[in-house]
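Report on the structure given below.
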Amino acid sequence: MSFINYAAREINCKLVYYGPGLCGKTTNLQHIYARVDPGAKGKLISLATETERTLFFDFLPLELGTIRGFKTRFHLYTVPGQVFYDASRKLILRRADGVVFVADSQFERLESNIESLENLEANLAEQGDSLDRLPCVIQYNKRDLPNIVPVESLQAALNPRNAPWFEAVANQGTGVFETLKGVAKLVLNEMKKATLA
Amino acid sequence: MAAADLILTEQDEARLGGLLQMLCEDAKGRAAFLVDRYGRVLAAAGETVGVDATSLAALTAGSLAAASSLSHLVGENAVRSLHHEGEKEDLFISVVAEEAILVLHFNRRSSLGLVRLRVKNASRQIASALTEIAERDSSQDRAALQEELSRITDADIDNLFAY
């Protein structure tokens, strides 16, 4: 659900980075935080354990500019990837306007990607939503590693809806903004359609 | 994704801001924020300069959700309020009309008792304002919005990421 403050002429969108543990969700936000102009971003909040694993969520507010007189604000969240933090994932997913599913391209993580995607679908279904309706893009991360699954196989396993997808090496910044732009475009276009409906 | 299901007009913002300002004065609070359950700021009043309201809203929603999950563990269904007690600065967080959360920032100039009392009164007024806003016929606002949003092009969106 987007929230439009007509008085302040602000469009607020909530984007959630989802995916298995250690796939690079937080790394995406850290790169965005490092690259964006100081005036365009708030604090990057990470509620993490001592070992830097996301405990509750990471949160980064971005104000990238104005579209047709509306300040466009994106609230970026990551969910904790570890299996046992499902309650946090459900909470953060509520009222999301768009999802980035970050997949770990390594062979040994394929099963975890599939489980996480199924978990995403189950949690969306629980709140009456689905990937058929919610704007979603897929990021195939860690493309620089040697033991990676070919994109065609990842597509077959993880992207039956043929959502927009991006290859990335998030710790080097490759593909990070392309992914964000991809999901932002879907969300804003969906907002146009929903308002017209 | 549904259409924007909450559209705040200038009048709405002024009305909610006025109620928050009154709460600040009555409760001797420093600032008051109205945020939604999903972590977004709806309105604010008082000493808000220098306060990162966006982060405050996201963390408030998260904190309340965590407290609700905790309470489920001991057989309680809902959390109505939370008190964050600091050495000098306190936050009182209270659920309003199920979908919104009122946050009052106060210090030793006030007291928890006074804050509780004033927040309870203000919550009723804010809940009633929110209900009126939600139930109001917003078709005119939506039509104006539709007109403006329909002009957004892919090039406009590309320009947001021009770095």
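Within every chain, numbering begins at 1; the chains are lettered A, B, ... in the order of the sequence lines, protein sequences first and strands thereafter. Model, not experiment: these values are computed from the prediction.
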Flag for A:Arg89-A:Asn119: side-chain donor and acceptor within less than 3.5 Å: yes
Run the salt-bridge test on B:Glu99 and A:Arg95 with the 4.0 Å N-O cut-off and return the result as yes or no. yes
Salt bridge check, A:Lys25 against A:Asp58: does any charged N sit closer than 4.0 Å to a carboxylate O? no
Taking C-beta and beyond as the side chain, do A:Leu62 and A:Leu180 meet within less than 4.5 Å on heavy atoms? yes
Assess the side chains of B:Ser110 and B:Arg118: does a donor N or O sit below 3.5 Å from an acceptor N or O? no
B:Asp12 versus chain A, heavy atoms under 4.5 Å apart: side chain, backbone, both or neither? neither
Against chain A, label B:Asn159 side chain, backbone, both or neither, depending on which of its atoms sit under 4.5 Å from a heavy atom there. neither
Could you label the plane-to-plane angle of the A:Tyr140 and A:Trp165 rings as parallel, tilted or perpendicular, counting under 30° as parallel and over 60° as perpendicular? tilted
Enumerate, atom names and distances included, each donor-acceptor pair closer than 3.5 Å involving a side-chain atom of residues 23-35 of chain B, sequence neighbours excluded.
residue: B:Glu25; atom: OE2; partner: B:Gln21; partner atom: NE2; Å: 3.2
residue: B:Arg30; atom: NE; partner: B:Glu47; partner atom: OE1; Å: 3.1
residue: B:Arg30; atom: NH1; partner: B:Glu89; partner atom: OE1; Å: 3.1
residue: B:Arg30; atom: NH1; partner: B:Glu89; partner atom: OE2; Å: 3.2
residue: B:Arg30; atom: NH2; partner: B:Glu47; partner atom: OE1; Å: 2.9

Go through the atoms of A:Thr66 and report whether side chain, backbone, both or neither lie under 4.5 Å from a heavy atom of chain B. backbone
Expected contact set for residues 57-88 of chain B against chain A at heavy-atom separation under 4.5 Å reads B:Ala58, B:Leu59, B:Gly62, B:Ala65, B:Ala66
Cut-off 4.5 Å, heavy atoms of chain B, and the answer for A:Leu60 is neither
Check the side chains of A:Gln127 and A:Asp129 for a donor-acceptor pair under 3.5 angstrom, ignoring hydrogens and angles. no
